[in-house]
Amino acid sequence: MRMKISQINIYQHELNVTGNAYEMSHSSINSFTSIITEVVTDNGMKGFGETCSVGPVYQQEHALGAVAALSELAPHLIGENPLLIESVNRKMNQTLYGHLYAKSTIDVALWDICGKFYNCRVCDLLGGAINEKVPSYYAIGPATPADTAEIAMDKIGHGYRRLQLKVGGRHVDQDIESCHRVAENITRDIKLVADANRGWTTQDTIRFSRACCDIPLVIEQPCNTFEEIESLKGKIYHPVFMDESALDLNAVLRCINAGAADGFGFKLNRMGGLSAMRTIRDICRSRNLPHTCDDSWGGDIIAAACVHVGATVEPHLLEGVWIADSYHDHHYDEVNPVQVKNGFVDVPENPGLGVIPDVSIFGHPVFSV
Ligand SMILES: [Mg+2]
């Protein structure tokens with residue numbers, strides 16, 4: 001069927017953090033700016049995508065950068081067939097170099113439209129859900145050892161089977177102490193991750209790994225650069241996952257070929273959307289590399305996209321699908337919210353992404369074409 005993209009609306013929406021600020025080694029944030037893309041077709045169908053960077057210093061992505069990139073791209077996409085996702089991605093790459101996190105919102109919106117058009121879920125278009133619920137995990141911000149251990153036990157009580165301790169941004173001995181306190185209390189079936197979000201030196205990482213050598217855990221993105229992390233090979237006791245260094249598909253291949261990554265924390269928007277994540281999923285399967293299917297932050301739209309692709313990952317390779325729902329105060333779709341229940345997220349049931357956002361809460365578009 002010949003269908004055309006007739007309109008693209010870009011919204012800007014604030015997501016406030018409930019309770020304490022969201023903390024990582026380099027930042028402490030109380031409110032996130034989410035950019036939402038609405039693609040409308042000439043027969044009245046709508047698809048949605050979303051990108052929400054974790055402030056301006058987490059990585060190269062920037063909320064207003066997404067608006068600028070989408071303003072550049074959108075006029076070139078009017079009249080394109082939304083069912084031909086690869087074709088539209090090609091058009092975007094011919095129009096603007098880079099800015100995958102902005103292009104991904106269009107990509108995800110097109111998968112949403114395709115699902116609605118073919119009356120099937122995005123996970124079905126991606127090959128089919130292996131499970132109808134995916135495991136999530138909880139990220140615990142830097143805190144005292146006693147508080148970290150208490151939060152860890154509380155989250156295990158709420159059903160989480162994987163805990164990510166945010167480390168870095170303070171003396172590494174405090175991270176070591178927190179990690180030991182948590183490990184003393186949990187059983188070995190709970191997966192433990194120490195995520196420095198680029199905040200350690202190689203020296204810190206070696207010191208941490210040696211001091212925690214008897215604790216089975218994964219170290220995630222300890223240092224800023226690929227080269228620093230690659231240099232840790234043979235010097236530490238723990239598997240290393242890449243997150244912020246996995247900037248795109250080429251960077252993922254580089255990490256794999258160098259043997260520098262034992263797994264990944266993926267951010268769907270950073271990779272370029274669902275199309276890119278499908279490729280990355282298949283590459284990781286061919287090398288038996290475990291990974292997450294996350295995004296850095298955001299509401300129900302991006303959460304649904306992560307859950308759909310996560311549901312299609314071999315369960316023994318799916319580390320989890322982190323979503324921000326427990327950290328913010330409202331859903332875009334109060335009827336079909338994407339949320340963690342007992343440590344898991346149900347795969348949405350409705351066609352497409354399965355989320356129907358109430359766009360009235362986004363206000364007027366900041367850009368329309
Ligand atoms: Mg991470």
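In listed order, ligands and their atoms are each counted from 1. Predicted, not measured: the structure shown is a model, and the values here were computed from it.
More than 12 heavy atoms of other residues, nucleotides or ligands lie within 6.0 Å of NE2 in His316, so this atom counts as buried by the packing criterion. For CD of Glu349, the number of neighbouring non-hydrogen atoms (other residues, nucleotides, ligands) closer than 6.0 Å is 12 at most.
With Asp175 as the fixed residue, the salt bridge (charged side-chain N to carboxylate O under 4.0 Å, His left out) test singles out one of Arg170, Arg181, Lys166: Arg170.
Taken together through direct or relayed side-chain contacts under 4.5 Å among Ile, Leu, Val, Met, Phe, Trp and Tyr, Val313 and Phe266 form part of one hydrophobic cluster.
Aromatic ring pairs are classed by plane angle as parallel below 30°, tilted from 30° to 60° and perpendicular above 60°; the pair Phe362 and Tyr332 is perpendicular.
Cation-pi geometry between Arg162 and Tyr138 is not met at under 6.0 angstrom from the ring centre and within 45 degrees of the axis.
Within the sub-2.8 Å shell of the Mg ion (ligand 1), the protein contributes these N/O/S atoms: Asp195 OD2, Glu220 OE2, Asp243 OD2.
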